[in-house]
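What follows is one structure encoded as structure tokens, with my remarks underneath.
Keep in mind that the numbers below use all heavy atoms, side chains included, and drop hydrogens, waters and symmetry copies. Note that the structure is predicted; figures quoted are calculated from it, not measured. Counting convention: from 1, in listed order, for ligands and their atoms alike.
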Amino acid sequence: MRYIEPHAHMVSRTTDDYLAMVTAGCQAVCEPAFWAGFDRRSVDGFYDYFCQLTEHEPNRAAKFGLPHFAWLCINPKEAEDLKLAGEVIDIIPKFLDRPNVLGIGEIGLNKNSRNELAVFERHVDLAARHDQLILIHTPHLEDKRKGTKIIIDSLKSDKRINPGRVIIDHVEEHTIELVLDAGFWAGMTLYPESKCTVARAVDMIELYGRERLWMNSACDWGVSVPLAVPRAALEMRQRGHAAETVDEMIYQNPLRFLGQSGKFKLPG
Ligand SMILES: [Zn+2]
């Protein structure tokens, strides 16, 4: 089996996780910029984090033969401080030419606040001006459907944005159709205790098809499962899906989306 992990916060994970992922068939890992579990106090904290994502972490992954790619942004959880968010957005262009940077993400909304939306739109503008792919985080629980609609409306109002170059992650049963019908890619984040379980993700594949859809573990510093994608593959096989179908979901689909960045190349 081969798969691509399109969304994992590897700076929070151990080398044992890298070893397990490679052993399970992982061909590449992509790491969106994320909240650290605490608010960073200055733009320098983000500068160092972006260096970690573009220098140190690719080297750590390379020790396991795993190509590592990154996405850059300030997370919506830290978007309430508009001055800091502006300073962080201003340093991102310095990093966009780095060889492992795929685009802007994971941007989005958390509580659907006015400041979060302002910072989201600044990121989208940055991506449009620099022709970058976009990876989007949607809010949790009761805020999710409303937040997803706000995000889609905002993107649709910016004529520079091609929906085929945007993935809206953390979709669930009540948001997946909104995202796919608007022409965007949709990501299903697999979590052991909250959010989408492996069984629910495979249900959604069976209901909505496989076009413009991927799965990811989004493993981070909290309770999460770095091998969630291969576990979903096992669930698909147990339900009778063909090996080629599984390969399309966990390898070819992420390759198709990420390959739109000329930098996403896998060793032959
Ligand atoms: Zn994430």
Can an N, O or S atom be found in His137 less than 2.8 Å away from the Zn ion (ligand 1)? no

Is a donor on one side and an acceptor on the other found under 3.5 Å between the side chain of Glu121 and the backbone of Val119? no

Verify salt bridge (charged side-chain N to carboxylate O under 4.0 Å, His left out) between Arg98 and Glu55, making sure each step is shown before the conclusion. CA-CA 9 Å; Arg98 296 205 170 179; Glu55 295 169 19; 2.6 Å; yes

Could you tell me if Arg40 sits above the aromatic ring of Tyr49, with its cationic atom closer than 6.0 Å to the ring centre and no more than 45 degrees from the axis? yes

Examine His56 together with His68 and report whether their ring centres are nearer than 6.0 Å. no

Geometry at the Zn ion (ligand 1) - His7 NE2 versus His9 NE2 angle, rounded to 10 degrees: 100°

Taking backbone and side chain together, does Glu106 place any N/O/S atom at a distance below 2.8 Å from the Zn ion (ligand 1)? yes

